[in-house]
There are 2 protein chains.
Amino acid sequence: MSKLCVMADRSTIDVESRARARTRRAILDAAITVLSQHSTASLGDVADAAGVGRTTLHRYFPERADLLTALSTDVLARIDSAAERAQPDRGPAPDALERMCQEFFELGDILMCVFSQPELVNTTAWEECSEADKALIRLVERGHAEGTLDPALDPIWVQQVLWSTLYAAWQHTREHGVSKHRALDLCLRSLRKVVAAVPG
Amino acid sequence: MSKLCVMADRSTIDVESRARARTRRAILDAAITVLSQHSTASLGDVADAAGVGRTTLHRYFPERADLLTALSTDVLARIDSAAERAQPDRGPAPDALERMCQEFFELGDILMCVFSQPELVNTTAWEECSEADKALIRLVERGHAEGTLDPALDPIWVQQVLWSTLYAAWQHTREHGVSKHRALDLCLRSLRKVVAAVPG
DNA sequence: CTCTAGTGGAGCATGACTGTTCCATTAGAG
DNA sequence: CTCTAATGGAACAGTCATGCTCCACTAGAG
């Protein structure tokens, strides 16, 4: 690789990275947008959406699988950072869960990608072991201990419900023209009621 | 059509229908099974799963779109009949909703088909106007009037939550090896809590 | 049994997407 | 300005699902 020689110069790296990183980002963003709506979209569609030529896309991701792998990593990272922003270990469990739901909701298309591309989830490192997953499980167990979350709902089911309710919320905006604010409101309200510990 | 001539004879019709209906059913069932798991499966895959040749499949459904249309009609009919079995207009709204959820849950792969094939929903006659939809909306409005369902949740949102929770339940069994009984239990419990009218 | 509807396999043409190469052009660092 | 990395377009071969035709075979009605 002649590139390694050039990379001896620091400033050259940065500049190179800057341009390449920008293009790479554009392609990944376009992939998220396009694939979240039509999971079988062609690479040409992604390239168009990214505003780059198909040739360029192939330079960054030689095969479709390479793009999906990168997408998977990217999505996972974004979900994890969203989970981290929610500070899942702070305050009462129901509040923390609500913060987490809010942060996930903000992910938008990234969220929908996870649903429309199941094969994207079943690969790579996030075999139910991502940081976000772990944080959520910790959170639910804490809620059980606190007595603030329904003990009849195990962590994994809470996780399922969280994600499916988020899906419902986004579908609600997409198909019924409901505002994002209203959808999030319904989503949070519903989730709170589901996980709440029964008074009796 | 020479077939019209033959159809003058009643018994001939029945016999013809019997064989053809059986094959048609097998293809549709296979399509439900296959497409619910891999939405982009080829027609060859469907034919294999149905135990028929690809040629035969093409005889019944000349184009892929024809199969999907028939599938859409079939799925809609099954959902409607499930909704009817649930007797949505009988008894307290929360109970009726639970019956509806149970009946839908039993649909199994048919259910998952609706999620993995969004284009299947957006076509044909069920433009949010299927009998099942109408029954559900009636049910929720009745619950609002009764004071047994949360008035803050409009019918369409309840519908979204119902379906997404069913999805969550089936995913729960598929990915985490949870028994159908346990999944349904969690599903019903969660749904009840969501839609319950707040005491205050 | 006979005869036909129903079926399945082989084969073919088509179109779409993919992965690749080559070349001309452009943006940007120095 | 100069020069290189980066890009975009055109073209090509390979693969796969599709839609279709033809023909041989079989089950089942009569």
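Hydrogens, waters and symmetry mates are skipped; everything else that's a heavy atom, side chains included, is used.
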Open item on the list: With heavy-atom distances below 4.5 Å as the criterion, would you say the side chains of B:V121 and B:P118 are in contact?
Closed with: no
Pairs under 3.5 angstrom, nitrogen or oxygen only, protein versus nucleotides 15-17 of chain D, please.
none

- [ ] Take the angle between the ring planes of A:Y167 and B:Y167 and call it parallel below 30°, perpendicular above 60°, tilted in between.
- [x] parallel
TODO: State whether a side-chain donor-acceptor pair under 3.5 Å links B:H38 with B:T40.
DONE: yes
Mind listing the N/O atom pairs, protein and nucleotides 7-9 of chain C, below 3.5 Å?
residue : atom : partner : partner atom : Å
C:dT7   : OP1  : B:T23   : OG1          : 2.2
C:dT7   : OP1  : B:Y60   : OH           : 3.4
C:dT7   : OP2  : B:Y60   : OH           : 2.7
C:dG8   : OP1  : B:G51   : O            : 3.4
C:dG8   : OP2  : B:G53   : N            : 3.0
C:dG8   : OP2  : B:T56   : OG1          : 2.6
C:dG8   : O6   : B:R59   : NH2          : 2.8
C:dG9   : N7   : B:T55   : OG1          : 3.0
C:dG9   : O6   : B:T55   : OG1          : 3.3

- [ ] Would you sort out whether A:Q87 and A:R85 count as a side chain to side chain contact (heavy atoms under 4.5 Å, CB included), showing the intermediate values?
- [x] CA-CA 5 Å; A:Q87 307 184 61; A:R85 278 197 300 278; over 6 Å; no
Report all interatomic pairs (protein N or O, nucleotide N or O of nucleotides 24-26 of chain D) with separations under 3.5 Å.
none

- [ ] Taking all non-hydrogen atoms of both residues into account, name the closest pair between A:S179 and A:T173 and its distance.
- [x] O-CG2, 4.0 Å
- [ ] Mind listing the residues from residues 26-37 of chain A sitting with a heavy atom below 4.0 Å of DNA chain C? Number order is fine.
- [x] none
Task: Interatomic distance, B:F61 CZ vs D:dC20 C1' [rounded to whole Å] - done: 18 Å
Open item on the list: Is the shortest side-chain heavy-atom distance between A:L67 and A:I27 below 4.5 Å?
Closed with: yes
Open item on the list: Can you measure B:H58 atom NE2 to D:dG19 atom C1' for me and round it to whole angstrom units?
Closed with: 6 Å
Task: Between B:W163 and A:S164: side-chain donor-acceptor atoms closer than 3.5 Å - done: no
Open item on the list: Pairing donors with acceptors under 3.5 angstrom, does anything connect the side chains of A:H176 and B:Q160?
Closed with: yes
Task: Distance-minimising heavy-atom pair for A:A93 and A:E146 - done: N-OE1, 3.3 Å
Provide a list of protein-nucleic acid N or O atom pairs under 3.5 angstrom, restricted to nucleotides 24-27 of chain C.
none

Task: Candidate pair B:D154 and A:R182, rule side chain to side chain contact (heavy atoms under 4.5 Å, CB included), full reasoning - done: CA-CA 11 Å; B:D154 51 289; A:R182 166 84 177 138; 2.8 Å; yes
TODO: Could you list the residues that satisfy ring-ring contact (aromatic ring centres under 6.0 Å, His included) with B:F105, not counting sequence neighbours?
DONE: B:W170
- [ ] Quickly work out the B:R18 CZ to D:dA29 P distance and round it to whole Å.
- [x] 7 Å
Task: Point-to-point distance, once rounded to the nearest 0.5 Å, from CD of B:Q37 to CG of B:D45 - done: 11.5 Å
- [ ] Say whether B:I110 and B:M100 are linked into one hydrophobic cluster, either directly or through other cluster members, by side-chain heavy-atom distances under 4.5 angstrom.
- [x] yes
- [ ] Whole angstrom is fine here: how far is it from CG in A:D48 over to P in D:dG8?
- [x] 11 Å
